[in-house]
Amino acid sequence: MAAPVVIHLEFGGGAELLFNGVKDHHVTLPSQPDPWDVKQLLVWIQQNLLKERPELFVQGDSVRPGILVLINDADWELMGELEYQLQDQDNVVFISTLHGG
Amino acid sequence: MTDEVGCLKAQLEEKDKEIVALKNKLAHLEKSNASVLELYEKVTPLTPLKAKASLSNEDIMRYSRQLLLPELGVQGQLNLSKTSVLVVGCGGLGCPLAQYLAAAGIGRLGLLDYDEVELSNLHRQVLHGEENQDQAKALSAANAVKRLNSTVECIPYHLQLSSENALQLIQHGKPLVSAGALRMEGQLTVYNYRGGPCYRCLYPVPPPSETVTNCSDGGVLGVVPGIMGCFQALEVLKIASGQGSSCSQQLVMFDAQDARFRSIKLRPKQAGCAVCGENPSVTRLVDYEAFCGSAATDKCRKLNLLSRDQRITVQDYKSIIDTAEPHLLLDVRPLVEVDICHLPTSLNIPLSSLEYRKSEHIQLLQESISQLKQQMEGDCRPPVYVICKMGNDSQKAVQVMEKMSGSEVDSITVKDISGGLMAWANRIDPTFPQY
Ligand SMILES: [Zn+2]
């Protein structure tokens with residue numbers, strides 16, 4: 001049994017509008033048989049946090065194109081993307097890219 | 001005798017000074033008259049920029065405060081003077097960007113924008129003035145930049161960057177200093193630079209078109225793109241002078257609310273990238289609008305979700321009011337917009353509250369509809385007219401309300417007012433504010 005994991009989630013670039021405008025979320029992922037990975041985190045976010053249109057956040061089992069995922073201040077592509085195993089106190093940022101000004 | 005000679009010499013000296021001053025004045029006037037700019041409607045080949053061998057005395061005086069920086073120096077200044085930069089968009093980012101590049105002595109500035117100056121641009125597009133309304137932004141920006149530094153060669157393009165003209169304007173492999181700003185946030189990345197990723201490396205799949213918000217529907221505090229445009233200018237100047245940018249493979253995020261900058265390490269150039277990878281599949285430019293399924297402009301797209309009998313015009317609604325026909329007018333804009341302006345009899349329930357069946361709002365709607373029903377006695381389907389700013393959200397709201405009709409609320413006849421409050425302001429009530 002893996003222990004509960006406490007992580008900090010951040011949404012920005014407009015992605016926070018899908019979460020009632022709240023940018024920072026400190027969450028505890030409950031204890032489960034296997035360690036938490038990002039793929040499971042996305043499912044958990046959909047079930048527990050997502051207030052508005054899910055199609056603007058997820059596509060299939062990943063995030064929708066145009067949202068960058070950053071784990072501990074690095075592009076998730078450098079960290080293993082969906083397979084990355086979450087550690088206690090990890091910081092995960094979901095950010096929509098901004099166009100124009 | 002010697003007195004007279006001395007006196008004449010002094011007079012001559014004075015006259016000579018006067019002649020120099022007059023010549024300077026003339027040169028100045030000739031220069032500003034010669035700088036009447038031509039607006040380009042298409043791309044034409046330009047002569048290559050000539051590298052300066054040395055700085056003139058005027059250059060030295062003008063740029064003295066930056067020449068004193070060891071990071072720039074004379075060589076850096078000469079490098080700036082032989083660099084061409086294309087500014088894509090002369091808006092909230094492009095204005096300060098162009099301004100600082102010109103002030104610093106960049107050699108040539110292409111200023112590209114398809115749009116004209118509007119009053120609602122002025123809070124953030126700070127090169128344009130009230131007198132430039134309806135003028136091409138590219139020309140307005142070029143004139144402002146020329147006033148600031150007449151030695152910079154300015155080429156205003158009144159067109160939209162497209163797959164047809166991009167290669168004529170931009171040589172292959174040039175670095176891209178890209179920024180965006182919306183609401184209270186900004187982002188900046190340098191692409192195609194010193195082994196870093198290109199745009200396509202980072203975004204191999206286009207975002208769904210409905211997620212690409214832009215300033216005309218998002219709202220933005222003017223100083224936020226101002227800061228990001230200045231930041232772009234900084235990185236361009238570092239690249240052009242030869243110092244180099246440290247923003248390659250980095251995403252810099254600016255949170256204006258918390259006054260916080262953060263830098264995030266991005267993936268490197270991707271070997272499998274369709275554009276810059278080992279086996280590129282994109283060997284000519286693809287049409288962005290086709291790739292993204294969305295227009296490359298920031299003009300609002302008009303939705304067409306309803307049939308003609310589900311919509312009324314603003315003229316129709318005017319006669320409904322004039323004949324005092326009982327009805328409910330539902331304004332589905334967010335509260336912040338309702339605070340700006342609204343029609344006096346409207347009930348405000350934002351579209352999102354309808355979509356997510358926010359209980360206090362649904363209750364309010366039920367009460368308003370049953371009140372109307374009582375007032376109308378015999379009629380069993382009271383009319384509800386839905387309005388928003390432009391007539392897009394109102395159509396979505398009609399679709400939601402049709403699902404609710406007869407179950408979550410009493411049976412209603414629901415239609416939207418085509419073109420929304422902006423059509424009302426244009427065609428019915430010219431005193432109604434536009435935003
Ligand atoms: Zn690439």
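Just so we're on the same page: letters track the sequence lines, and every chain starts at 1. All figures in this text were calculated on a predicted structure; none of them were measured in a lab.
The line from CG of B/L251 to OG1 of A/T97 is 9.0 Å long, rounded to the nearest 0.5 Å. Rounding to the nearest 0.5 Å gives a distance of 9.0 Å between CE of B/M253 and CG of A/L68. Atom-to-atom distance recorded for B/I264:CD1 and A/I95:CD1 is 7.5 Å, nearest 0.5 angstrom. Here the CD atom belonging to A/E10 is positioned 9.0 Å from the CG atom belonging to B/D255, to the nearest 0.5 angstrom.
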List the steps and the verdict of side chain to side chain contact (heavy atoms under 4.5 Å, CB included) for A/L98 and B/E185. CA-CA 9 Å; A/L98 301 176; B/E185 276 184 86; 4.2 Å; yes

Q) Where do B/D258 and A/K23 land on the side chain to side chain contact (heavy atoms under 4.5 Å, CB included) test, with the steps shown first? A) CA-CA 12 Å; B/D258 302 343; A/K23 288 187 168 185; 6.0 Å; no

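The number of heavy-atom neighbours closer than 6.0 Å to CD of B/E278, taken from other residues, nucleotides and ligands shown, is 12 or below. More than 12 heavy-atom neighbours from other residues, nucleotides or ligands sit within 6.0 angstrom of OH on B/Y199.
There is no contact between B/Q125 and chain A, counting heavy-atom distances below 4.5 Å. Contacts between A/S96 and chain B at a heavy-atom distance below 4.5 Å involve the backbone alone (N, CA, C, O).
For the pair A/E77 and B/K269, the salt-bridge criterion is not met [side-chain N within less than 4.0 Å of a carboxylate O]. A salt bridge links B/R262 with A/D73; the closest basic N to acidic carboxylate O contact falls under 4.0 Å.
When each of B/V224, B/T189, B/L266 is checked for heavy-atom pairs under 4.5 Å with chain A, B/L266 comes out on top.
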